[in-house]
Amino acid sequence: QLQLVESGGGLVQAGGSLRLSCAASGRTLSDYAMAWFRQAPGKEREMAAGISWRGGRIYYADVVKGRFTISRDNAKNMVYLQMNSLKPADTAVYFCAADRDMTLRTSPDQYEYWGQGTQVTVSS
């Protein structure tokens with residue numbers, strides 16, 4: 001089983017930055033496409049960013065393009081999300097997820113493994 005643990009969330013003022021980390025154990029991350037989803041209160045879970053197993057394909061939601069950067073280090077079994085120019089609308093619980101398909105899919109239903117989530121709160 002693949003286990004995922006997120007860290008790096010917190011409270012930040014608008015315009016600030018945070019770096020989320022996702023540590024994997026149990027299996028090698030290089031076998032999976034990886035993504036960061038987020039879910040705000042009362043809203044559906046949405047993909048903020050995703051990266052294919054070798055990093056050749058990257059997806060960003062329109063609302064985070066130019067502000068967020070996803071990266072992975074398969075040797076360290078880590079995935080990261082650098083978030084800059086944060087806005088109050090970015091406030092959500094952020095989840096790291098893994099998809100065995102290895103390509104890059106965007107529906108949360110297609111992701112088999114999930115972390116517990118980390119809260120990101122952006123104050124205005």
| note | Taken to the nearest 0.5 Å, the spacing of S52 OG from D99 CG works out to 11.0 Å

| In this structure, which one of F95, Y113, Y111 forms a ring pair (Phe, Tyr, Trp, His ring centres under 6.0 Å) with F37? | Y111

| Rounded distance (nearest 0.5 Å) linking atom CD of Q116 with atom CD of Q3 | 11.5 Å

| hydrophobic_cluster_shared for Y32 and V5, side chain cutoff 4.5 Å | no

| message | I need the minimum non-hydrogen distance between C96 and E6, along with the two atoms involved. | response | N-OE2, 2.8 Å

| Heavy-atom pair of closest approach, residues M78 and S21 | CE-CB, 3.8 Å

| message | Same cluster or not: M34 versus Y80, using hydrophobic residues (I, L, V, M, F, W, Y) connected whenever any side-chain heavy atoms lie under 4.5 Å apart? | response | no

| Shortest non-hydrogen contact from P88 toward A14 | CD-CB, 4.1 Å

| message | Going by the rule salt bridge (Lys or Arg N to Asp or Glu O under 4.0 Å), which residues pair with R27 if we only count those two or more places apart in sequence or in a different chain? | response | none

| request: Check whether any side-chain heavy atom of V79 sits under 4.5 Å from a side-chain heavy atom of I70, and report yes or no. | output: yes

| query | Of the non-hydrogen atoms in L86 and L18, which two are nearest, and what is the gap between them? | reply | CD1-N, 3.8 Å

| query | Any side-chain heavy atom of V120 sitting closer than 4.5 Å to one from L20? | reply | yes

| Salt-bridge contact K87-D90 (side-chain N to carboxylate O under 4.0 Å) | no

| request: Look at the side chain of N77 and the backbone N and O of L29, then say whether any donor-acceptor pair between them is shorter than 3.5 Å. | output: yes

| Rounded to the nearest 0.5 Å, how far does CH2 of W36 lie from OH of Y60? | 12.5 Å

| request: Please round to the nearest 0.5 Å and tell me the distance separating atom CG of L81 and atom CZ of R38. | output: 9.5 Å

| message | Checking the side chain of T118 only, and the main-chain atoms of Y94 only, is there a donor and an acceptor separated by less than 3.5 Å? | response | no

| What's the spacing between L4 CG and W114 CH2 if we round to 0.5 Å? | 10.0 Å

| field | Heavy-atom side-chain contact between M83 and R67 under 4.5 Å | value | no

| task | Tell me whether V93 is reachable from L11 by hopping between hydrophobic residues (I, L, V, M, F, W, Y) whose side-chain heavy atoms are closer than 4.5 Å. | result | no

| CD of E112 to CD of Q1: how many Å apart, nearest 0.5 Å? | 7.0 Å

